Amino acid sequence: MIAQPDNSPALDSWQQNLAPYNVGYRIKLLSQLLTRRFTEILEPFGLTPFHWLVLCCLWQEDGLPTSSIGDKLKQVGGTLTGVLDRMEERGLVRRERDLHDRRIWRIWLTHAGKDLEAVLPPLSAKLRDEAMQGISDADRELFSQLLNRAIANLS
């Protein structure tokens, strides 16, 4: 192997692939920081970020089959089942068999789950705005599009 001087372009390029400089590390760090802060926000409500994701699915379309929620969230059944169990115990959702196919369980929001829609999204928006402080609306949109493209590339 040929030694490169410290200021060579090849070394600069190579170092961009190492933590803490690579994009994967920085995305993971951002995710961890957001998750930590959002967990603190949700804690007084007895919720986790995963509960939030399930609630978001149901606020958009109540009565989804369990499998559809799992598909939307890219989660395996066992993990989702446990989360739904805890949400049901807390009175946020209820499960009902599908009227046309008894193999399917549909998940419905309770009044308590519906009531959280007025409270939690503004808290989430506040955290998003804090994280995106100093970033223009156009750059926020570009960032979102770039993330979507990278996710699609790897899916």
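The structure displayed is predicted, hence computed values, not measured ones. FYI, side chains are in, hydrogens and waters are out, and symmetry mates aren't considered; it's all heavy atoms of this structure. By convention here, the first residue in the shown sequence is residue 1.
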Less than 4.0 Å between a side-chain N and a carboxylate O, is that true for [Y] and [X]?
{"X": "Asp129", "Y": "Arg140", "result": "yes"}
{"X": "Asp85", "Y": "Arg90", "result": "no"}
{"X": "Arg94", "Y": "Glu88", "result": "no"}

When clusters are formed by joining ILVMFWY residues with side-chain heavy atoms under 4.5 Å apart, either directly or through shared neighbours, do [X] and [Y] land in the same one?
{"X": "Leu127", "Y": "Phe50", "result": "yes"}
{"X": "Leu33", "Y": "Ile27", "result": "no"}
{"X": "Leu29", "Y": "Phe38", "result": "no"}
{"X": "Trp108", "Y": "Met87", "result": "no"}
{"X": "Phe143", "Y": "Leu34", "result": "yes"}

Restricting to non-hydrogen atoms, name the atom on [X] and the atom on [Y] that form the minimum distance, rounded to 0.1 Å.
{"X": "Arg106", "Y": "Gly63", "answer": "NH1-O, 2.8 Å"}
{"X": "His100", "Y": "Asp98", "answer": "N-OD1, 2.7 Å"}
{"X": "Gly91", "Y": "Ala112", "answer": "O-CB, 3.6 Å"}
{"X": "Ile107", "Y": "Thr66", "answer": "CD1-OG1, 3.5 Å"}
{"X": "Leu84", "Y": "Val93", "answer": "O-CG2, 4.1 Å"}
{"X": "Cys57", "Y": "Leu73", "answer": "SG-CD2, 3.8 Å"}

*Taking everything shown except Glu40 itself, do over 12 heavy atoms lie less than 6.0 Å from its CD?*
yes
_Exceeds 12 heavy-atom contacts within 6.0 angstrom, atom CD of Gln133_ = no
*Evaluate side chain to side chain contact (heavy atoms under 4.5 Å, CB included) for Thr48 paired with Val83, printing each intermediate quantity in order.*
CA-CA 9 Å; Thr48 68; Val83 168; 5.7 Å; no
*Verify side chain to side chain contact (heavy atoms under 4.5 Å, CB included) between Met132 and Ile135, making sure each step is shown before the conclusion.*
CA-CA 5 Å; Met132 295 292 156; Ile135 300 172; 3.8 Å; yes
_Residues Leu92, Leu58; criterion side chain to side chain contact (heavy atoms under 4.5 Å, CB included); working and verdict_ = CA-CA 11 Å; Leu92 300 173; Leu58 296 172; over 6 Å; no
Answer yes or no: is there a side-chain heavy-atom contact under 4.5 Å between [X] and [Y]?
{"X": "Val54", "Y": "Leu80", "value": "yes"}
{"X": "Asp115", "Y": "Val119", "value": "no"}
{"X": "Trp52", "Y": "Pro121", "value": "yes"}
{"X": "Leu120", "Y": "Ile41", "value": "no"}

Are the side chain of [X] and the backbone N or O of [Y] linked by a donor-acceptor pair below 3.5 Å?
{"X": "Asp62", "Y": "Leu109", "value": "yes"}
{"X": "Ser155", "Y": "Ile151", "value": "yes"}
{"X": "Arg97", "Y": "Trp105", "value": "no"}
{"X": "Trp59", "Y": "Leu116", "value": "no"}
{"X": "Thr39", "Y": "Thr35", "value": "yes"}

*Looking at OG of Ser31 and CZ of Arg36, how far apart are the two atoms once the value is rounded to the nearest 0.5 Å?*
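One finds 10.5 Å between OG of Ser31 and CZ of Arg36.
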_If I take atom SG from residue Cys56 and atom CD from residue Glu117, how far apart are they, to the nearest 0.5 angstrom?_
8.5 Å
*Decide yes or no on side chain to side chain contact (heavy atoms under 4.5 Å, CB included) for Ser67 and Ile104, but give the supporting numbers first.*
CA-CA 8 Å; Ser67 60; Ile104 297 173; 5.8 Å; no
